[in-house]
**Student:** 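A single structure is presented below for examination.
Counting begins at 1 with the first residue of the sequence.
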Amino acid sequence: MKLNIMTIIPILGLLLMLNGGFMLACLPVSLYYGDGQWHALAISGCSVFLFGLLINYLFRGEKKENLNKRDGYFIVTTGWLCMSFSGALPYIISGEISNFSNAFFETMSGYTTTGASILTDIEAMSPGILVWRSLTQWIGGMGIIVLTVAILPLLGIGGMQLFVA
């Protein structure tokens, strides 16, 4: 069984566009509080959004095929990784978290809703970046709900299969 790459890549582009849009949604908070981190959110949000848009543009005319279970697992895994790598950009660009592995961990923690953090004084972060951190956790929680309610039944995975897994 082969992966339907030409169908998967535009979906990953859409996820990156959404991720960039959520970063840009934190911009008003940063500007309102004047925390000086608006540039980090603007640069990372625009670059991630435009990269996702470029991927969608380059693969817009490709033949779309139906997705199977393997494709679904691949999209979820790769989507989490793409969103976590791109979601670490505001932390790195702003300097709030200087180490990329720590920024990646903080973002992955938010998207997987584990609740773990490398930060010892969370309130010391600038308001715009703090909203971004909170937003990753909200997106992660909503992603788990969407995965269990909408996507898994389409892949033939019901409650019992999920319980066994």
Side-chain angles (χ1 to χ4, degrees), residues 8-57 59 67 71-155 157 162 165:
I8 293 171
I9 291 176
I11 294 172
L12 294 176
L14 179 64
L15 286 174
L16 288 173
M17 288 170 57
L18 288 171
N19 207 25
F22 281 123
M23 287 178 204
L24 293 173
C26 298
L27 248 167
V29 173
S30 183
L31 290 171
Y32 177 78
Y33 285 101
D35 62 11
Q37 299 298 350
W38 65 269
H39 68 284
L41 293 165
I43 291 169
S44 56
C46 287
S47 60
V48 170
F49 183 84
L50 291 174
F51 184 68
L53 189 66
L54 177 69
I55 289 173
N56 273 338
Y57 178 75
F59 291 92
L67 297 174
D71 297 332
Y73 294 139
F74 186 79
I75 289 169
V76 169
T77 303
T78 311
W80 251 326
L81 288 173
C82 287
M83 289 184 68
S84 295
F85 276 115
S86 64
L89 291 176
Y91 297 126
I92 297 296
I93 295 172
S94 69
E96 295 277 348
I97 301 175
S98 58
N99 186 337
F100 182 78
S101 60
N102 286 345
F104 179 80
F105 178 85
E106 193 67 34
T107 309
M108 181 63 85
S109 170
Y111 285 137
T112 57
T113 63
T114 60
S117 179
I118 55 102
L119 301 170
T120 54
D121 189 15
I122 294 172
E123 292 82 16
M125 295 180 81
S126 60
I129 300 298
L130 190 59
V131 168
W132 170 243
R133 181 182 178 275
S134 301
L135 201 54
T136 60
Q137 295 170 5
W138 181 80
I139 294 167
M142 293 306 291
I144 295 297
I145 292 169
V146 168
L147 178 69
T148 56
V149 172
I151 296 174
L152 290 178
L154 292 175
L155 297 173
I157 302 172
L162 190 60

**Student:** If you count heavy atoms of other groups shown closer than 6.0 angstrom to CZ of F105, is the number above 12?
**Tutor:**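 Result for CZ/F105: enclosed.
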**Student:** Could you tell me which non-hydrogen atom of I93 sits nearest to which non-hydrogen atom of S44, and how far apart they are?
**Tutor:**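 Smallest interatomic distance, heavy atoms only, reads CD1-CB, 4.1 Å.
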**Student:** Donor-acceptor pair, distance only, cut-off 3.5 Å: does the side chain of E96 make one with the backbone of S126?
**Tutor:** yes
**Student:** What pair of heavy atoms forms the shortest contact from G128 to S30, and how long is it?
**Tutor:** CA-CB, 3.9 Å
**Student:** Say you draw a straight line from CD1 of I97 to OG1 of T107; how long is it, rounded to the nearest 0.5 Å?
**Tutor:**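 These two atoms lie 7.0 Å from each other.
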**Student:** Answer yes or no: is there a donor N or O on one side and an acceptor on the other, between the side chain of S86 and the main chain of M83, under 3.5 Å?
**Tutor:** yes
**Student:** Backbone N or O of I118 within a donor-acceptor pair of the E106 side chain at under 3.5 Å?
**Tutor:** yes
**Student:** Which pair of heavy atoms, one from L15 and one from G79, lies closest together, and at what distance?
**Tutor:** CD1-CA, 3.8 Å
**Student:** Check whether W80 reaches the backbone of Y111 with its side chain - one donor and one acceptor, N or O, closer than 3.5 Å.
**Tutor:**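 Between the backbone of Y111 and the side chain of W80 there is a qualifying donor-acceptor contact (under 3.5 Å).
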**Student:** To the nearest 0.5 angstrom, please state how far the CG atom of L16 sits from the CG atom of L12.
**Tutor:** 7.0 Å
**Student:** Taking the inter-plane angle between the rings of F85 and F100 on a 0 to 90° scale, is it parallel (under 30°), tilted (30 to 60°) or perpendicular (over 60°)?
**Tutor:** parallel
**Student:** Would you say OH of Y32 has more than 12 non-hydrogen atoms from neighbouring residues, nucleotides or ligands within 6.0 angstrom?
**Tutor:** no
**Student:** Test M125 against Y91 for side chain to side chain contact (heavy atoms under 4.5 Å, CB included), laying out the working first.
**Tutor:** CA-CA 10 Å; M125 295 180 81; Y91 297 126; 3.8 Å; yes
**Student:** Restricting to non-hydrogen atoms, name the atom on P90 and the atom on S94 that form the minimum distance, rounded to 0.1 Å.
**Tutor:** O-OG, 2.7 Å
**Student:** So, for G20 and V48, which heavy atoms are closest and what is the spacing to 0.1 Å?
**Tutor:** N-CG1, 3.7 Å
**Student:** With a 4.5 Å cut-off on side-chain heavy atoms, are I129 and L41 touching?
**Tutor:** yes
**Student:** Within the 4.5 Å heavy-atom criterion, are I8 and F59 side-chain neighbours or not?
**Tutor:**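 Not in contact.
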**Student:** Could you tell me whether the side chain of T136 and the main chain of R133 form a donor-acceptor pair under 3.5 Å?
**Tutor:** yes
**Student:** Taking C-beta and beyond as the side chain, do Y33 and W38 meet within less than 4.5 Å on heavy atoms?
**Tutor:** no
**Student:** Judged by atom type as modelled, is there a donor-acceptor pair below 3.5 Å linking the side chain of T77 to the main-chain atoms of F74?
**Tutor:**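 Checking the backbone N and O of F74 against the side chain of T77, no donor-acceptor pair under 3.5 Å is found.
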**Student:** Could you tell me if S109 and T114 have a donor-acceptor pair between their side chains, going purely by distance under 3.5 Å?
**Tutor:** yes
